[in-house]
Structures are given as C-alpha cells and as structure tokens.
Novice: 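The structure's right below; bear with me while I get my questions together.
Reckoned from all heavy atoms, side chains included, excluding hydrogens, waters and symmetry mates.
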Amino acid sequence: MTTSSTPILLGLNIDHCATLRQARYRDAGRDCGQMVEPDPVALALSAERAGVDGITVHLREDRRHIQDNDVLRLRQCIQTRLNLEMACTDAMVRFALDLKPEFACLVPEGREEVTTEGGLDAAGQRERVGAIVETLNASGIATSLFIDPEPEQIEAAAEMKSPFIELHTGAFANAYYDLEARHSELQKLRQGIDLARQLGITPNAGHGINYINIAEIRQLPQIYELNIGHSIVSRAVFSGIEEAVREMKFRMNLAAK
Ligand code: PXP
C-alpha cells in the first residue's frame, strides 16, 4: 500500500530523444555508424545513473520515433524496468510476448496524431482489450491501461484485472492557465485515483507533466509512478539528462504533500 509519504516513482519516456534522431537520420544506413545521434539507449543509461525508476518507450506502428532495435537494446542493457507502450494490435502483442518487458501500457494509436491525444476507450472495447490484458498478464507482463480519469474506464480496467492504470493528465496540463478548468481536471484525477485504489488497481499518471505543473500533480495522494517525457528531454538540452532527471525527482517528492 502506498502511503502519502511513499516516494512517487519516475518513468522516463525517451521517445522524444528518438524523434530528434529520426529528424536527421530517418533513412541513415549502416555506413552512418556512430554519427547517428542522439542515441535513446545511451540517454536511458544516463537517466538511470541519475535515479529514474524505469524507462518507457512507445513503439508506434509507423515507427516515427522509437525503432524495434532501440527496444531490443534497451531490453538488454537497462537495469531498471522497461515499460512498453503499445497499441492493441496482434503484431504488438506478439512483439511484447517476445520482448517480455516488465510493464506494457496499452494506448490508443492514431496515425495522424502528433502524440497520444486521448485515453484508450477500454470500456468501449472490453472484449478486445480484456483479451490482451489476460494474455500479457499470463505471460508475466504487468499491464497498464492509459485511460482518461473517468469512472467507467477505471471500472472496465478493474473488470479486466489490469493491475495498473495510467491516468491521462493531458486535460489537466492543457487547462493549466484556466484556473477553474485546472481545478476541475485535478479533481477528476483525484477521484480517479481514489476509485482505482478502492478497486485494487495501482494508479500511475502521465502526459504533459512538466517542471511547473508537477507542483500540483505531486499533491495527488497515492500515485505510484509518473511517466514523463517531453519536459525532461527538453530540459536535458540545456542541463544534460542527469541534472534534468534529478531536478524532476526532487520536485516530484518535495515534502509538502
Ligand atoms: N504516458 C503515455 C501513455 C504517453 O503516451 C506519453 C507520451 O506520449 C507520456 C506518458 C509522456 O508524455 P509527455 O511526453 O507529455 O511527458
């Protein structure tokens, strides 16, 4: 049981490091060798030295950022836990079963979206999502569902026996400069976490969390892990990844909870 003084864990999403690499080296052949940069695996290893608790990657169907080989290399080298974000497709289920990450987070995937825009409609696809949850959990991969903080989605996750959910914090992040909307989104997150705990699900959260809005996110009681990508990778451009990770971990767990 997580208590209010249990530190929140940090999963670093390294997709944006791969996005930067792909911006220049999308079509690079083997002859480019060590020129191909930045390497997301090297970023993950440095982040681990600074204290991240896990590494998250989204292997998208269009392979726009993370590539298969990145995930295979991560599986071999990281010391923490690998969290594979994946679409609910047969191809991704096969990939996950071969890879055996510690965690798999089921996400919706649209080819046109810039990043994952809304939560998975688990309640609307109970059979399909439930079957994937069962298959992955049976093979020792702990599933999480990336869902909006809506009671019917959280109840669906409980019915499917998903041990984790990741509550989508994007609506909160987008509403940051509208005080009323922001408080209302925070309240939904708080209620979502409460409901998840009542139903025996461990709640994570992620999307759009940064060095500013973390001040409110960290006050949500009983969050297990935050998955953060863009903000930490952006800060690393100036400070380096180790400093960027240490600063976020410090802010996540400031005493005033
Ligand atoms: N969690 C999930 C499920 C995501 O899809 C993403 C990014 O797409 C993140 C967390 C991280 O979001 P951000 O890059 O905004 O921190």
Side-chain angles (χ1 to χ4, degrees), residues 1-4 6 8-9 11 13 54 56 58 81 83-90 92-93 96-97 101-110 113 115-175 181-209 213 216-228:
M1 180 71 179
T2 309
T3 68
S4 60
T6 307
I8 305 170
L9 303 181
N13 180 314
T56 295
H58 183 176
R81 301 151 327 152
N83 175 27
L84 178 70
E85 288 179 6
M86 53 179 273
C88 296
T89 63
D90 293 344
M92 280 313 305
V93 171
L97 291 175
E102 283 77 11
F103 300 100
C105 181
L106 303 184
V107 299
E109 203 174 290
E113 66 190 9
T115 178
T116 311
E117 279 163 8
L120 181 73
D121 182 12
Q125 310 171 70
R126 278 166 209 262
E127 228 170 277
R128 171 103 193 108
V129 177
I132 295 175
V133 166
E134 197 180 336
T135 304
L136 295 176
N137 284 333
S139 79
I141 302 167
T143 54
S144 177
L145 306 182
F146 184 50
I147 53 177
D148 293 324
E150 289 168 6
E152 68 159 347
Q153 299 296 343
I154 299 165
E155 281 157 9
E159 267 174 43
M160 292 171 198
K161 301 197 170 29
S162 183
F164 292 86
I165 53 171
E166 180 172 329
L167 292 177
H168 197 316
T169 47
F172 158 77
N174 290 338
R182 173 169 127 205
H183 285 161
S184 144
E185 293 302 332
L186 261 182
Q187 184 61 6
K188 285 187 209 161
L189 288 165
R190 201 173 286 116
Q191 287 168 350
I193 292 166
D194 278 354
L195 179 58
R197 289 284 179 193
Q198 279 166 34
L199 296 172
I201 304 177
T202 303
N204 298 330
H207 201 90
I209 300 174
N213 63 27
E216 280 165 289
I217 291 287
R218 75 159 182 265
Q219 295 186 51
L220 293 170
Q222 310 260 308
I223 284 215
Y224 180 70
E225 181 168 81
L226 297 177
N227 275 303
I228 309 179

Novice: Under 6.0 Å from the CD atom of Glu134, do we count more than 12 heavy atoms belonging to anything else shown?
Specialist: no
Novice: Atom CD of Glu216 and atom CG of Leu189: how far apart are they, to the nearest 0.5 Å?
Specialist: 10.5 Å
Novice: Find the distance between SG (Cys88) and CZ (Arg128) and round it off to the nearest 0.5 Å.
Specialist: 6.5 Å
Novice: Could you tell me whether the side chain of Thr143 reaches within less than 4.5 Å of the side chain of Met160, counting heavy atoms only?
Specialist: no
Novice: Please report the shortest heavy-atom distance between Ala175 and Arg182, naming the atom on each side.
Specialist: O-CB, 3.5 Å
Novice: Which pair of heavy atoms, one from Asn213 and one from Gly208, lies closest together, and at what distance?
Specialist: ND2-O, 2.9 Å
Novice: With rounding to the nearest 0.5 Å, note down the distance linking CG in Asn227 to CG in Leu9.
Specialist: 10.0 Å
Novice: Could you check whether the rings of Phe146 and His168 sit parallel, tilted or perpendicular, using 30° and 60° as the cut-offs?
Specialist: parallel
Novice: Using a 4.5 Å cut-off on heavy atoms from C-beta on, say whether the side chain of Leu106 contacts that of Met92.
Specialist: no
Novice: Just by distance, with hydrogens left out, do Asp121 and Gln153 show a side-chain donor and acceptor under 3.5 Å apart?
Specialist: yes
Novice: Going from OG1 on Thr169 to CG on Leu186, what distance comes out if it is rounded to the nearest 0.5 angstrom?
Specialist: 10.0 Å
Novice: Test Val107 against Leu145 for side chain to side chain contact (heavy atoms under 4.5 Å, CB included), laying out the working first.
Specialist: CA-CA 7 Å; Val107 299; Leu145 306 182; over 6 Å; no
Novice: Considering non-hydrogen atoms only, spot the tightest contact between Gly118 and Asp148 and give its length.
Specialist: C-OD1, 4.3 Å
Novice: Between Asn137 and Ala142, what is the shortest heavy-atom contact and its length?
Specialist: OD1-CA, 3.6 Å
Novice: Decide yes or no for Leu120 and Pro108: does some side-chain heavy atom of the first lie under 4.5 Å from some side-chain heavy atom of the second?
Specialist: yes
Novice: Are the side chains of Pro149 and Gln191 in touch, meaning some heavy atoms are under 4.5 Å apart?
Specialist: no
Novice: Do the side-chain N and O atoms of Glu109 and His58 include a donor-acceptor pair separated by under 3.5 angstrom?
Specialist: yes
Novice: For residues Pro101 and Leu84, report the shortest heavy-atom separation together with the two atoms involved.
Specialist: CG-CB, 4.0 Å
Novice: Can you give me the closest heavy-atom contact between Ile201 and Pro203, atom names plus distance?
Specialist: O-CD, 3.4 Å
Novice: With a 4.5 Å heavy-atom cut-off, do Leu195 and Glu155 have their side chains touching?
Specialist: yes
Novice: Does some side-chain heavy atom of Val129 sit less than 4.5 Å from a side-chain heavy atom of Ile132?
Specialist: no
Novice: Distance check, rounded to the nearest 0.5 Å: Asn204 atom CG versus Thr56 atom OG1?
Specialist: 9.0 Å
Novice: Should Glu185 and Lys188 count as an ion pair when the cut-off is N to O under 4.0 Å?
Specialist: yes
Novice: Report the distance from atom CG of Leu167 to atom CD1 of Ile147, rounding to the nearest 0.5 Å.
Specialist: 6.0 Å
